[in-house]
There are 2 protein chains.
Amino acid sequence: MIGEHIRALRESNDVLLRQLAAQLEIDQAMLSKMERSERSFKREHIDVLAKIFKQPKKDLLTMWLADKILKTVKSEKFTKEALRLAIDNV
Amino acid sequence: MIGEHIRALRESNDVLLRQLAAQLEIDQAMLSKMERSERSFKREHIDVLAKIFKQPKKDLLTMWLADKILKTVKSEKFTKEALRLAIDNV
DNA sequence: AAAGACTTGACAAATTTTGGACAATTTAAG
DNA sequence: CTTAAATTGTCCAAAATTTGTCAAGTCTTT
């Protein structure tokens, strides 16, 4: 979800994978995977991306975290219940 | 949260740490930590515990998962927003 | 056919997480 | 005081996850 979002931003700004990768100081192949949710963005990347694309950091961070969460619960039963329970205990 | 719950069950059933640890085939020191949320129960432990204390597996599993979730998001901003977003994307 | 943009898979390296063991200490009860 | 129960701290090994890098591949455009 953060991946697709970044990709959309990148494309609508006519930025090449290779260019954005350079700004994030990572391999282009890696960024390609990140945008397709095959790998994860690092926490620090989010700040850089927010600046580059002038997005509210909060939005990107929330998406990034949500991804992280979904990753840890994937393939478990009662995911929704657990998420609700988690919210109640934050 | 699963920890405190197990502890409550254990005590109300007059079971000693050492005894429950034996049933779970783990070190008593470890179980002590687990009940105090210093360490985590393994996924398999949940099934055993549900049987031992005759609890609905779903309840324990949900708590266990919620703990796991909270662990991954702890110390991050926008946790609630992320959890909500995660729910919407399950 | 050549070039540019992106994807894919495989592999090694690095890092993190986890688990278990033990000894020492503390707490509570008798 | 003595014993039993539980906690704490630390160390270590194994396992699991994450990362980075590369070479080769696809697809599209010129």
Side-chain angles (χ1 to χ4, degrees), chain A residues 1-49 52-53 60-61 63-76 79 82 86, chain B residues 1-49 52-53 60-61 63-76 79 82 86:
Chain A
M1 103 176 276
I2 180 81
E4 312 146 43
H5 196 244
I6 296 301
R7 168 151 299 188
L9 285 170
R10 179 174 65 76
E11 295 185 330
S12 72
N13 281 81
D14 287 300
V15 177
L16 296 180
L17 207 47
R18 143 168 67 80
Q19 301 175 314
L20 184 55
Q23 297 191 76
L24 294 175
E25 302 184 88
I26 59 176
D27 191 299
Q28 136 167 11
M30 193 85 62
L31 179 55
S32 165
K33 288 171 188 174
M34 290 170 171
E35 286 188 347
R36 285 169 301 104
S37 308
E38 206 182 295
R39 296 284 177 107
S40 309
F41 286 94
K42 286 196 180 171
R43 172 68 186 71
E44 314 89 70
H45 291 153
I46 302 304
D47 301 88
V48 182
L49 290 167
I52 293 178
F53 295 118
L60 297 189
L61 222 83
M63 282 186 221
W64 174 79
L65 233 201
D67 273 353
K68 207 172 151 191
I69 292 168
L70 288 172
K71 188 175 178 184
T72 89
V73 299
K74 79 165 181 296
S75 81
E76 287 283 359
T79 294
Chain B
M1 101 177 280
I2 180 81
E4 312 147 42
H5 195 244
I6 296 300
R7 168 150 301 188
L9 286 170
R10 178 174 64 77
E11 295 186 330
S12 72
N13 281 80
D14 287 302
V15 177
L16 296 181
L17 208 46
R18 147 168 62 82
Q19 301 175 316
L20 185 55
Q23 296 192 75
L24 294 175
E25 303 184 88
I26 59 178
D27 190 298
Q28 136 168 10
M30 193 86 62
L31 179 55
S32 166
K33 289 171 186 173
M34 289 170 170
E35 286 188 346
R36 284 170 300 104
S37 309
E38 208 183 294
R39 294 287 177 103
S40 310
F41 286 94
K42 284 193 182 176
R43 172 68 183 70
E44 313 90 70
H45 291 152
I46 303 304
D47 302 87
V48 182
L49 290 167
I52 293 178
F53 295 119
L60 296 189
L61 224 86
M63 281 187 221
W64 175 79
L65 232 200
D67 273 353
K68 208 171 148 192
I69 291 168
L70 289 172
K71 187 176 178 185
T72 90
V73 299
K74 80 166 181 294
S75 81
E76 288 284 358
T79 295

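Throughout, a chain's letter reflects where its sequence line sits, starting with A, and its residues are numbered from 1.
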Summary of protein contacts for nucleotides 24-30 of chain D, nucleotide by nucleotide, where a base hit scores B, a sugar-phosphate-only hit scores S (4.0 Å, heavy atoms): -------
Distance in angstrom units between A:Leu20 CG and C:dC6 C1', rounded: 13 Å
Nucleotide-resolved protein contact map, nucleotides 14-23 of chain D, B/S/- at heavy-atom distance under 4.0 Å: ----SBBBB-
Rounded distance [0.5 Å steps], CD in B:Gln23 versus NE2 in B:His45: 12.0 Å
Candidate pair B:Leu17 and B:Arg10, rule side chain to side chain contact (heavy atoms under 4.5 Å, CB included), full reasoning: CA-CA 8 Å; B:Leu17 208 46; B:Arg10 178 174 64 77; 3.6 Å; yes
A:Asp47: partners by side-chain hydrogen bond (donor to acceptor under 3.5 Å, both in side chains), with sequence neighbours left out: A:Arg43, A:Lys57
Gap between atoms CD and P, on B:Gln28 and C:dA24 respectively (whole Å): 16 Å
Value in whole Å for how far the P atom of C:dC6 lies from CD of A:Glu38: 16 Å
Point-to-point distance, once rounded to the nearest 0.5 Å, from CG of A:Leu60 to CD1 of A:Ile2: 4.5 Å
Between C1' of D:dT7 and CZ of B:Arg7, the distance in whole Å: 9 Å
A:Glu11: side-chain contact (heavy atoms from CB on, under 4.5 Å) partners, not counting sequence neighbours: A:Arg7
Spacing between B:Leu24 atom CG and C:dG19 atom C1', to the nearest angstrom: 14 Å
A:Ser32 side chain near C:dC6 phosphate (N/O to OP1/OP2, under 4.0 Å): no
Length of the line joining B:Glu35:CD and D:dT7:C1', which is rounded to integer Å: 12 Å
Contact under 4.0 Å: B:Arg10 side-chain N or O vs D:dA6 OP1/OP2: yes
Test side-chain contact (heavy atoms from CB on, under 4.5 Å) applied to B:Glu4 - qualifying residues, sequence neighbours left out: B:Met1
For atom CZ of B:Arg43 and atom C1' of C:dG19, their distance in whole Å: 18 Å
Nearest-nucleotide pick for B:Arg18, side chain only, options being D:dA4, D:dT7, C:dC6: D:dA4
Whole-Å distance separating the CZ atom of A:Arg36 from the P atom of C:dA5: 17 Å
Donor-acceptor contact present, side-chain A:Asp27 to main-chain A:Ala29, <3.5 Å: yes
Value rounded to 0.5 Å, distance of CZ in B:Arg36 from CZ in B:Arg39: 10.5 Å
Test salt bridge (charged side-chain N to carboxylate O under 4.0 Å, His left out) applied to B:Arg18 - qualifying residues, sequence neighbours left out: none
